[in-house]
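Worksheet: one structure, shown below.
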Amino acid sequence: TISEQLLMMRGSVAVALAAGLSAAAAQGDSYTPCPRLPTSFPRLPTPLPTAISDAISSVDTFLKTVVTAESISGFVATIVYDQQTLWTKGYGSSDPWATPAAGPPTGQHLLRIASITKTFTSMLAFLMRDSGVVGLDDDVRSHLPAFGIRHPYATTNLTTLRQLASHTSGLPRDLGYPCGFDPSCADDDVYAMLQKVYRVLPPYARFHYSNVGFALLGRALEAAAAAATAAPATSSASNTTQARTARPSVPRFEELVETLLLRPLRMNGTFEITPATLARMAVGRNSDGSRATVSALGWEAPAGGLLASADDMAEWLKFHFRTEAAAGKTQPVGGTTVTEALASQTVLRDGSSAVGLPWEYKFSGGIWTKSKQGELPGFRSSITLVSELKLGIFVSALQSDVSEDSVWAVPMMDTLGSAVLSTLTTLQPAYVLPRHSAQFVGAYHFNSTVFVSVAGVLEGYIFGQHLNFTEVLDYSVSPTVPVGLALRAEPVGPGSNPGCRWLDDGADLELIYFTGLVSNNDFGSNSTGFQFMGSAAERVV
């Protein structure tokens, strides 16, 4: 399994961060070492490497069995690695009520992704944060003064956008009758209803899933966009319906997602329920076997109203694997922000699960699997990714009553993850000797030495720690700082790995600076010394 392979790759992945920690390791104290994960993600060739193609064949066989055993009317799955769609396939029928029954759903059929919509709502919040329109710690009432809720706790009655995006606001899960997922209720009716109910928990007390919270987040972003792009509409901002009537050109949340996220990413998803939309959809089946009907969700659309295809979701996964715009593609949100948006916020009480904004995480075998599921009548969908492998899966069953919580994405990921990990391991680039290596070689004070090993690797014993050095900084982008030329210092040898508590994922490694530059990137002869982790040593020989 992927867990077993990760544990076998413990190698040289960390360094003792303090003398006391090194001494503890020498005395036999044990730490669970962090696994070494790939750092390079080359494009996979065609045909695919055998390990991956065999894994996909196994997944295909597995899903055929599942669809038959569970009597699932229709099912579609897609697998993404970095910027490549590796495989997409449908099973069953996209419309069993058609005469004759339609063929399997394809990558183009629209599907109800339900609560997976929340990942788009959250990303829109980050995009608007980066644009200076909102702050994640804004009080939602600064954008929606009409919002209020009864707060029977001895804590500050504050609801922030961050709380809403991370399910830590303590708001109720759903709206009461008749407004829950019902487009007939006007916005003002919703806010009047919320003012009559209690907050379930104090903010940040614990994770509490809330569709109300995500709908409120989306509507707050809508109001913030209106305030940023249009002149004031009324003397009072409390009546959001009046404000929108007075400014009909101001986009609603649904339009913001489509304009700022979907279209730049070349996704054809939509919130609109029209005859043209329904003609593009696969047809779901209710738990009683009847044909599922699809209607708009009204005020709660930011919590689950998006329709998207498997091909759309493949593009969504690829976007999450990019740190910059890829060739021919736009990047509506920067790579650093994408990484931030995937970060966890709350660790759950089982110790191996967490919740983010709003991704849900499970830790196993040294990696976090990040997922989000969605369910509405007739559809059960799941998106799952492993950032460390740039591997993602989207699946959708055309019925909501399935027996596996992840819609079988997790067992698929276990099979595929092992294959992708083993393949990437063989494709990692060979070690390249850093520039100026000959000028670093020599003896330094405090019994420190730097040398080129017989394997052609620049290594050293620095303050008693055995390290090798890799040039990873692009000096054409980041010129050398005055302190010296920086190299990444990585531990080698036994007893050097204190575990994830100290070096997360074995990659949080320090830089060593070789000093004595004559000019930028030029030592002239030899380095005069080095600086490492707050200490310095001059050259002896």
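Atom set for the values below is all heavy atoms of this structure, side chains included, hydrogens, waters and symmetry mates excluded.
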Has [X] got more than 12 heavy atoms of other residues, nucleotides or ligands less than 6.0 Å from its [atom1]?
X: Arg263; atom1: CZ; result: yes
X: Gln195; atom1: CD; result: yes
X: Tyr198; atom1: OH; result: no

When you compare the side chains of [X] and [Y], does any donor N or O come within less than 3.5 Å of an acceptor on the partner?
X: Lys318; Y: Thr85; result: yes
X: Thr119; Y: Ser122; result: no
X: Glu258; Y: Thr270; result: yes
X: Thr155; Y: Tyr204; result: no
X: Gln373; Y: Ser382; result: yes
X: Ser184; Y: Asp182; result: yes

Which heavy atom of [X] sits nearest to which heavy atom of [Y], and what is that distance?
X: Glu404; Y: Ala409; value: OE1-N, 4.4 Å
X: Leu398; Y: Pro105; value: CD1-CG, 4.3 Å
X: Ala220; Y: Leu144; value: N-CD1, 3.6 Å
X: Leu256; Y: Ala225; value: CD1-CB, 3.8 Å
X: Pro377; Y: Ala292; value: O-CB, 3.7 Å

Can you tell me how far apart [atom1] ([X]) and [atom2] ([Y]) are? Round to the nearest 0.5 Å.
X: Asp188; Y: Trp299; atom1: CG; atom2: CH2; answer: 11.5 Å
X: Asp187; Y: Phe147; atom1: CG; atom2: CZ; answer: 14.0 Å
X: Asp401; Y: Glu375; atom1: CG; atom2: CD; answer: 8.0 Å
X: Leu385; Y: Ser371; atom1: CG; atom2: OG; answer: 7.0 Å
X: Thr121; Y: Leu306; atom1: OG1; atom2: CG; answer: 8.5 Å

Would you please classify the geometry between the [Y] ring and the [X] ring as parallel, tilted or perpendicular, with 30° and 60° separating the classes?
X: His167; Y: Phe214; result: tilted
X: Trp368; Y: Tyr361; result: perpendicular
X: His320; Y: Trp316; result: perpendicular

- Residues Thr274, Thr277; criterion side-chain hydrogen bond (donor to acceptor under 3.5 Å, both in side chains); working and verdict: CA-CA 5 Å; Thr274 65; Thr277 298; 3.0 Å; yes
- Item | SB check Glu70 Lys64 (cutoff 4.0 Å) |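 Here Glu70 does not pair with Lys64 in a salt bridge, since their nearest N and O are not under 4.0 Å apart.
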- So, are Arg129 and Asp138 salt-bridged, with charged N and O less than 4.0 Å apart?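 So Arg129 does not pair with Asp138 through a salt bridge.
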